[in-house]
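Here's the structure, in C-alpha cells; my notes come after.
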Amino acid sequence: MDKRAFNFSAGPSTLPLEVLEEVARELINYKGCGQSVMEMSHRSKEYKQIIEDAEANLRTLLDIPENYKVLFLQGGGTLQFSMVPMNLMTGSKKADYILTGSWGKKAAKEAEKFGDVKIAASSEDENFTYIPEITKDMIRQDADYVHITYNETIHGTHFAAIPDVGDVPLVADMSSCILSEKIDVSKFALIYAGAQKNIAPAGLTIVIIREDFIGKAPADCPVYLDYKTHADKDSMYNTPPCWSIYVAGEVFKNLLAKGGVDAIHEINVRKADKLYACIDESEMFTCPVRKEDRSLMNVVFVSGDDAMDKAFVAAGKEEGLLNIGGHRSVGGMRASIFNAMPEEGVDALIDFMKKFEEENK
Ligand SMILES: *Cc1c(COP(=O)(O)O)cnc(C)c1O
C-alpha cells in the first residue's frame, strides 16, 4: 500500500498526519541538539521543555484548574483500574461503580480487591446499549468515590452529561474521549486516560487529579502506585514514557492550532452524525446503541449476520479502510473516529458501506 489508509482502530489509533510529519522531521536530530527525543536524557534541558510545554498545552486545551495536577504515567487505563482504588478507596473503603460497558466492568472487578464495591447502576441488562439514568439517591453518599466510564470504547456508549452523584467524588475513565469535547474538569476528583486512543502512541497514561485527593494511599502502598510519588516529582520520579509524552505534546500543539477542543468537537459531531445517519438509513446495518447515548468516537454497528460482518470487514481492508471489525469480545463492526480521523475517512467509509450494501442485497 503506497498511500496511507484510513485506520479505524480503537487503539493504538490514527494520529494526525501533520504530527507524524513533524515528528519525522525532528526524529534524528531534535531541534539541532544532535540526538533524537528517543535517545535523550529525561533530565536534559531539552526534555524538560518538552514535558513542561506538553503539560501547559494540555492545561490550556482542557482548561484544567490550578488545583489539579497533571500526571504522565505508564501502565495504561488498566493500571488505573487498580491505582484509583488503591489511592482513593481509603476512607469508608466504599466505592460505587456505574457500568456502561466492558471497561467499567473490569474497573469494578479490580476495585473489589481493595474494598466494598457497589454497582450503583448498570446497563448490562440490555447488553450495554444505553446509559442508565443516574440520580444521587442511587449513590452511597459515604462512598469514597463513584466511577464512570465516560465513553465506552467497546460498546459505543457515551455520557451526554455528567451524572449527578451528589457530593461524592467523581472519577472518570476518559481513555477514548479525552480532548474530543469540552468537559468541566472541576466536576471531577480524578480523570484518567490511556493516550493511545485519542492522543499519542501507547505507553502514556494521563491522570488529572484534584490536589486534595493526592496523599490518601496507605503507607504500605507500593511507591510507584502512589499518586503522591508522581505528583511530588512532576512525573519524573523515574524515567517517564519520554517518547509518548513528546508526541502527545505535538498533538496538543496541533489541536491548539486547529482551534482547540471546541473546534474539534464540532468536526467530531459532524463526522459521527453522518456515519450514524448512514447506518440508520441503511437496510443492512443497524446501530444497537440508543440514539442519545451514542459515542462520537466509537461507532458500533452490525448487519445481523456474522458472515456478512466478516465479509464487510475484509472488503473494507481491501479498500484501505483498516480495523473496522468490532472488539474481539462483541464482534460486528466498530469504526473508531477519533480526533485524528479526517472527515474524508468517514466519507470514504460511508461510500463503501453504501456500495457494499448495494452489491450484497
Ligand atoms: C482501551 C481502554 C482501557 C484500557 O486501556 P489500556 O491502556 O490498554 O490499559 C480502559 N478504558 C477504556 C475506556 C479504554 O478505551
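Note that this is a predicted model, so its numbers are computed, not measured. Atoms within a ligand are numbered from 1 in the order they appear, just like the ligands themselves. Note that the numbering runs from 1 along the sequence shown for the chain.
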Contact region, Lys197 to ligand 1, non-hydrogen atoms below 4.0 Å, reads side chain

Under 4.0 Å between heavy atoms, the region of Gln196 that gets near ligand 1 turns out to be side chain

| task | Step through it carefully: locate the ring centre of Tyr276, locate the ring centre of Phe301, and say whether they are under 6.0 Å apart. | result | no

Open item on the list: Quiz question: by atom type and distance under 3.5 Å, do the side chains of Glu26 and Tyr246 form a donor-acceptor pair?
Closed with: yes

Ligand 1 to Thr149, heavy atom cutoff 4.0 Å, flagged ligand atoms 13 (C)

So for Thr78 against ligand 1, with non-hydrogen atoms under 4.0 Å, the contacting part is both

Counting heavy atoms under 4.0 Å, the part of Asn151 that contacts ligand 1 is backbone

Checklist entry - Parallel, tilted or perpendicular for Phe81 and Trp103, by the 30°/60° rule? => result tilted

> Can you tell me if Asp232 and Tyr237 form a side-chain donor-acceptor pair at under 3.5 Å?
Replying inline: no

Margin query: If the contact criterion is a heavy-atom separation under 4.0 Å, does Gly194 count as touching ligand 1?
Written below: no

Closest to atom 11 (N) of ligand 1 among protein heavy atoms sits Asp173 OD2, 2.6 Å

A student checking ligand 1 against Thr153 at a 4.0 Å heavy-atom cut-off should list atoms 12 (C), 13 (C), 14 (C), 15 (O)

- For the pair Glu55 (side chain) and Glu52 (backbone), establish whether a donor and an acceptor sit closer than 3.5 Å, ignoring hydrogens and angles. no

Item checked: Asp184 bridged to Lys187 by N-O distance under 4.0 Å -> yes

For Gly77, the ligand 1 atoms with a heavy-atom partner under 4.0 Å come out as 5 (O), 6 (P), 7 (O), 9 (O)

